[in-house]
Q: 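Here it is: the structure, laid out below.
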Amino acid sequence: MLKHLAAAATFAAIFAAPAQAQNYPSRTITMVVPFAAGGPTDTVSRLVAESMSKDLGQQIIIENVGGAGGTLGAGRVAKADPDGYTLLLHHIGMATSAVLYRKLPYDTLNAFEYVGLVTEVPMTLVARANFEPTDLKSLIAYAKANKDQVTYANAGIGAASHLCGMLFMSKIETPLTTVPYKGTGPAMTDLVGGQVDVMCDQTTNTTNQIKSGKIKAYATTSKERLAALPDVPTAAEAGLPGFEVGIWHGVYAPKGTSSEIVQKLSASLQKALKDPAVVKRFADLGTTPSSDAEATPEGLKTKLTSEIDRWSPVIKAAGVYAD
Ligand code: MLT
């Protein structure tokens, strides 16, 4: 009897999967953002989710799960049902955390299905508006003269803001005092309020604040000046060549999510990245959408694996890790 039941269950599972994919999505999807609301990852996610919702005909709600540099949110999705109704939008931190954390709540290369790349966002080194140094050179001199008195906001070990800060400190061979937040959304509130001195954050979070004069920018980490911030020099122009980093973002689903559902999500993501409203908002915020070829499972998998290889020696040389 049990044998027959097992066979029936397997038969049902085999024939249920395509039906699931055919009817997918039939209810609200949750997109986990592994940082607090109001930050750059949240901004990118809401723009993409809104456009994908229209295409898929179902709402995509954002769930902010901040903490531990994005690893708590990624862990939440790794453990979710592989039914296509829980997704993760995360960035370079998926690669750097794989090297930085001695113990992660997920297996980076085996706990997820890849949907596709979303965008690669430049960073800006910014400061509270009344901070004494007026340019990058005087900031470096000030940091050296005041040892670790300069406070530096980030979103925890593994965050893009952490990586950028680590690169900056190693480039200038001077430590800063790190102030961690659950995301650079809340960190920006303190920077604008003058409670923290400097931060390296993505243009998706800093462009409007720079333009309004609420914070000041010393440099971008891009190779060329940004059309959205034409008056901000690149780090190379400002006297710190080689200080370049771009924060790529990808969409993931739990391992075991059917390939039909993954392909449907990737197709919808590609459409969202060509949505004129998304393209314009990205441009206003200093970034551009990934191409169709990048917004695929293969595109994201290639990026993630190559970035783990790229950052491993850099992070190990910096001697930074988290338990
Ligand atoms: C970071 O890695 O710094 C995050 O992008 C911050 C955020 O999105 O809140």
Side-chain angles (χ1 to χ4, degrees), residues 31-49 62-77 87-101 104 108 117-127 151-169 176 178-192 196-209 215 217 220-222 243 245-252 281-282 285-287 303-304 307-308 311 314-315 320 322:
M31 180 179 276
V32 171
V33 171
F35 296 100
T41 314
D42 188 63
T43 298
V44 166
S45 303
R46 289 176 194 275
L47 287 171
V48 166
I62 300 295
E63 181 183 347
N64 297 93
V65 181
T71 58
L72 292 188
R76 152 101 167 74
V77 177
L87 306 177
L88 169 71
L89 194 147
H90 197 1
H91 58 33
I92 193 171
M94 198 67 142
T96 54
S97 297
V99 185
L100 284 162
Y101 282 79
L104 279 173
T108 301
L117 280 165
V118 177
T119 182
E120 181 154 343
V121 184
M123 301 198 88
T124 41
L125 190 56
V126 293
T151 54
Y152 173 87
N154 74 23
I157 293 178
S161 44
H162 164 253
L163 174 69
C164 189
M166 187 179 70
L167 291 174
F168 179 62
M169 286 183 255
L176 307 178
T178 298
V179 182
Y181 293 79
K182 284 193 182 301
T184 51
M188 180 60 80
T189 303
D190 276 5
L191 192 72
V192 169
V196 67
D197 294 331
V198 297
M199 176 162 75
C200 189
D201 196 14
Q202 299 165 68
T203 56
T204 34
N205 198 34
T206 60
T207 299
N208 293 339
Q209 304 288 8
I215 60 174
T220 69
T221 64
S222 48
F243 182 42
V245 59
I247 308 305
W248 52 272
H249 297 62
V251 177
Y252 303 81
R281 283 295 293 140
F282 274 20
L285 295 173
T287 192
K303 187 70 171 178
L304 176 61
E307 286 281 279
I308 290 174
W311 291 107
V314 175
I315 290 168
V320 178

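Keep in mind it's a predicted model, so treat the numbers as computed, not measured. Just so you know, ligand 1 is whichever comes first in the structure, and atom 1 is the first atom listed for that ligand.
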Q: Under 4.0 Å from any heavy atom of A159, which atoms of ligand 1 are there?
A: 1 (C), 2 (O), 3 (O)
Q: Taking side chain as C-beta onward, heavy atoms only, is V118 less than 4.5 Å from V251?
A: yes
Q: For ligand 1, which is the ligand I care about here, please tell me if A160 has any N or O atom under 3.5 Å from one of the ligand's N or O atoms.
A: yes
Q: Quick check against the 3.5 Å criterion: does Y101 have a side-chain atom that pairs as donor or acceptor with the backbone of A68?
A: yes
Q: By number and element, which atoms of ligand 1 are closer than 4.0 Å to a non-hydrogen atom of S161?
A: 1 (C), 2 (O), 3 (O)
Q: Run the numbers on L87 and V77 for side chain to side chain contact (heavy atoms under 4.5 Å, CB included), then give the verdict.
A: CA-CA 7 Å; L87 306 177; V77 177; 6.0 Å; no
Q: When you measure from atom 4 (C) of ligand 1 to every protein heavy atom, which one gives the shortest distance, and what is it?
A: H91 NE2, 3.5 Å
Q: Within a distance under 4.0 Å of any heavy atom of G183, pick out the atoms of ligand 1 and give their elements.
A: 9 (O)
Q: Going by heavy atoms in the side chains, are T203 and T220 under 4.5 Å from each other?
A: no
Q: Is it true that T184 and S161 share a donor-acceptor pair across their side chains at a distance under 3.5 Å?
A: no
Q: Can you list the ligand 1 atoms lying under 4.0 Å from a non-hydrogen atom of A155?
A: 1 (C), 3 (O), 6 (C)
Q: When you compare ligand 1 with Q202, is there at least one nitrogen or oxygen pair between them that comes in under 3.5 angstrom?
A: yes
Q: Within the 4.5 Å heavy-atom criterion, are F35 and D42 side-chain neighbours or not?
A: no
Q: Which one holds for H162 and ligand 1: side chain close, backbone close, both close, or neither close, with close meaning a heavy atom under 4.0 Å?
A: neither
Q: Provide, to 0.1 Å, the distance between atom 9 (O) of ligand 1 and the closest protein heavy atom, together with that atom's residue and name.
A: T184 N, 2.9 Å
Q: Does the residue G93 have a heavy-atom contact with ligand 1, meaning some pair of atoms that are separated by less than 4.0 Å?
A: no
Q: Hey, is ligand 1 close enough to T41 that some N/O pair sits below 3.5 Å?
A: yes
Q: Decide yes or no for K182 and N64: does some side-chain heavy atom of the first lie under 4.5 Å from some side-chain heavy atom of the second?
A: no
Q: Within the 3.5 Å criterion, strictly below it, is a donor on T204 or T43 matched to an acceptor on the partner's side chain?
A: no
